[in-house]
Amino acid sequence: MTHFLSEDDKKIIRNAIGKPLRANCYLSYHEVQKKIMDGEMDIFSHKDIVVLVHKMRGMYKMYYFLNDSRRLSKNVYQDLYEEMLNYNILITDIIARGENGRYDVVKNMGFNFYKKYFRLQLSVDKEKIFPLTEKAVFADETDCEEIYELLYSSFDVLSDHLLTKEELKQSLLFHQVIKICRDKKLAGVLIFEKYGVKSYLRALCVNPIYRSRDIGFSLVNSYIDIHRNESQSFYLWVESTNQNAIRLYEKFGYRHDGLTDCIYLHQHCDHD
């Protein structure tokens, strides 16, 4: 393990990044370098692969970069497998269309399949418009603790890419969080991000006390209404087994675009 990139490592990363058959990292090369310089990543390299392990809150995330599309030798995989045993909770993912992902890379390093997510997209010319019977309002900094607690009690902290408290505060500051309250209590919240003419629904969460009361429907309806005139498309990720959420999004015209995100955990990790 090292904490700096050799020139050969840099070349492999630059040539592989952004290519699904050769890398599973979706950070930019600049972001990768910065995280290494800040001491956030461990580096494991062989002739044909560079592996980065990103230190995250309570866990580690693994990225790989292949020199080319050829399969690695058993000796390389054995070395990497033994290195991965040093991390208590190690997670990685592969985003691909159909079976085009290099699942063999992570499996041969000792990872097991954990969950799958679908990407759903909605074009404004295909959306289904509903009247706003209940309009969500923007949340503010005073809602931070309650929203944070709701998110972390509702989602899977290993695989749902939850916001840190600082990220949540920034989202609230930039008016990227809407809420619905009932009886002066937080009934549901929706967090989004805007990228040019695209809008990303990052999280939708309904307080268990208020489920089956159309809170989720009203939040999504309000969200689309807010961005209808300035966004050309909407997208989100949803767990493949969450049929209730999928049906909700499909009501508005969201459809699976064929992209899947498969999450893997190292087989020696205790993630219960």
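Any value given below was found using the heavy atoms of this structure, including those in side chains, with hydrogens, waters and symmetry copies removed.
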Student check: side-chain heavy atoms of [X] and [Y] closer than 4.5 Å:
{"X": "N221", "Y": "F252", "value": "yes"}
{"X": "P20", "Y": "I95", "value": "no"}
{"X": "D42", "Y": "Y87", "value": "yes"}
{"X": "L66", "Y": "L72", "value": "yes"}
{"X": "Y249", "Y": "V238", "value": "yes"}
{"X": "Y264", "Y": "V105", "value": "no"}
{"X": "L219", "Y": "I180", "value": "yes"}
{"X": "I49", "Y": "I12", "value": "no"}

Applying side-chain contact (heavy atoms from CB on, under 4.5 Å), can you list everything that pairs with [X], at least two apart in sequence or on another chain?
{"X": "E82", "result": "Q78"}
{"X": "H256", "result": "F118, L120, T260"}
{"X": "Y152", "result": "R57, Y148, V157, L162"}
{"X": "E166", "result": "T164, K169"}

Output yes when a side-chain donor or acceptor of [X] lies under 3.5 Å from a complementary backbone atom of [Y], and no otherwise.
{"X": "D93", "Y": "C262", "value": "no"}
{"X": "D257", "Y": "L259", "value": "yes"}
{"X": "S240", "Y": "K116", "value": "yes"}

Audit row: E127, V124, side chain to side chain contact (heavy atoms under 4.5 Å, CB included) steps and yes/no: CA-CA 5 Å; E127 67 172 304; V124 291; 4.1 Å; yes
Reference residue H266; test ring-ring contact (aromatic ring centres under 6.0 Å, His included); the match among Y60, Y114, F111: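 Result: among Y60, Y114, F111, F111 is the only option passing the ring-ring contact (aromatic ring centres under 6.0 Å, His included) with H266.
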Evaluation steps, salt bridge (Lys or Arg N to Asp or Glu O under 4.0 Å), between D143 and K179: CA-CA 9 Å; D143 299 305; K179 67 177 182 177; 3.0 Å; yes
Side chain to side chain contact (heavy atoms under 4.5 Å, CB included) assessment of L27 paired with Y63: CA-CA 10 Å; L27 303 172; Y63 302 105; 4.1 Å; yes
Using a 3.5 Å cut-off and no angle test, enumerate the donor-acceptor pairs between side-chain atoms of residues 187-204 and protein atoms at least two apart in sequence or in another chain.
unit_1	atom_1	unit_2	atom_2	d
E193	OE1	Y195	OH	2.2
E193	OE2	R202	NH1	2.9
K194	NZ	G196	O	2.4
K194	NZ	E230	O	3.4
K194	NZ	S231	OG	3.4
S199	OG	Y223	OH	2.7
R202	NH2	H161	O	3.1

Between D8 and S6, a side-chain donor and acceptor under 3.5 Å: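 On atom types as modelled, these side chains do not qualify, holding no pair under 3.5 Å.
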Residue pair Y117 / D160, side-chain donor-acceptor N/O under 3.5 Å: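 Yes, D160 and Y117 have a side-chain donor paired with an acceptor closer than 3.5 Å.
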Salt-bridge contact D104-R102 (side-chain N to carboxylate O under 4.0 Å):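 Salt bridge flag = yes for R102 with D104.
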R71 CZ: over 12 foreign heavy atoms closer than 6.0 Å: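 For R71, atom CZ is not crowded (no more than 12 foreign heavy atoms under 6.0 Å).
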Members besides L173 in its Ile/Leu/Val/Met/Phe/Trp/Tyr cluster (side-chain heavy atoms under 4.5 Å):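 For L173, no cluster forms, as it stays isolated from other hydrophobic side chains.
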Shared-cluster residues of L132, by chain and number - hydrophobic side chains joined below 4.5 Å: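 Grouped by the 4.5 Å side-chain rule, L132 forms a cluster of one, so the answer is none.
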Would you tabulate the side-chain donor-acceptor contacts of residues 30-37 under 3.5 Å, counting partners in other chains and residues two or more places apart, or write 'none'?
unit_1	atom_1	unit_2	atom_2	d
E31	OE1	S28	N	2.8
E31	OE1	S28	OG	3.3
Q33	NE2	Y29	OH	3.3
K34	NZ	D38	OD2	2.8

Cluster link Y210 to L186, ILVMFWY, side chain under 4.5 Å: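 Different clusters: Y210 never reaches L186 through Ile, Leu, Val, Met, Phe, Trp or Tyr contacts under 4.5 Å.
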Salt bridge (charged side-chain N to carboxylate O under 4.0 Å, His left out) contacts touching residues 10-22 (sequence neighbours left out):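 Those involving residues 10-22 are E7-K10.
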From CA spacing to verdict: ring pair (Phe, Tyr, Trp, His ring centres under 6.0 Å), F130, F217: CA-CA 10 Å; F130 299 95; F217 179 89; 5.2 Å; yes
Counterpart residues, salt bridge (charged side-chain N to carboxylate O under 4.0 Å, His left out), relative to K115 (two or more places apart):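 Once residues adjacent in sequence are excluded, the partners of K115 under the salt bridge (charged side-chain N to carboxylate O under 4.0 Å, His left out) criterion are D156, E239.
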Which residues share a salt bridge (charged side-chain N to carboxylate O under 4.0 Å, His left out) with E149, sequence neighbours left out: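 Result, salt bridge (charged side-chain N to carboxylate O under 4.0 Å, His left out) vs E149: none returned.
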Salt bridge (Lys or Arg N to Asp or Glu O under 4.0 Å) between K165 and E145, intermediate numbers included: CA-CA 8 Å; K165 190 167 289 187; E145 292 297 331; 3.1 Å; yes
Test ring pair (Phe, Tyr, Trp, His ring centres under 6.0 Å) applied to H46 - qualifying residues, sequence neighbours left out: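 H46: no ring pair (Phe, Tyr, Trp, His ring centres under 6.0 Å) contacts found.
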Nearest atoms (heavy-atom pairs only) where C25 meets I17: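 Closest pair (atom of C25, atom of I17, distance): O-CG1, 4.1 Å.
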Nearest non-hydrogen partners of L150 and P208, listed with the distance: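 Reported closest heavy-atom pair: CD1-CD, 4.4 Å.
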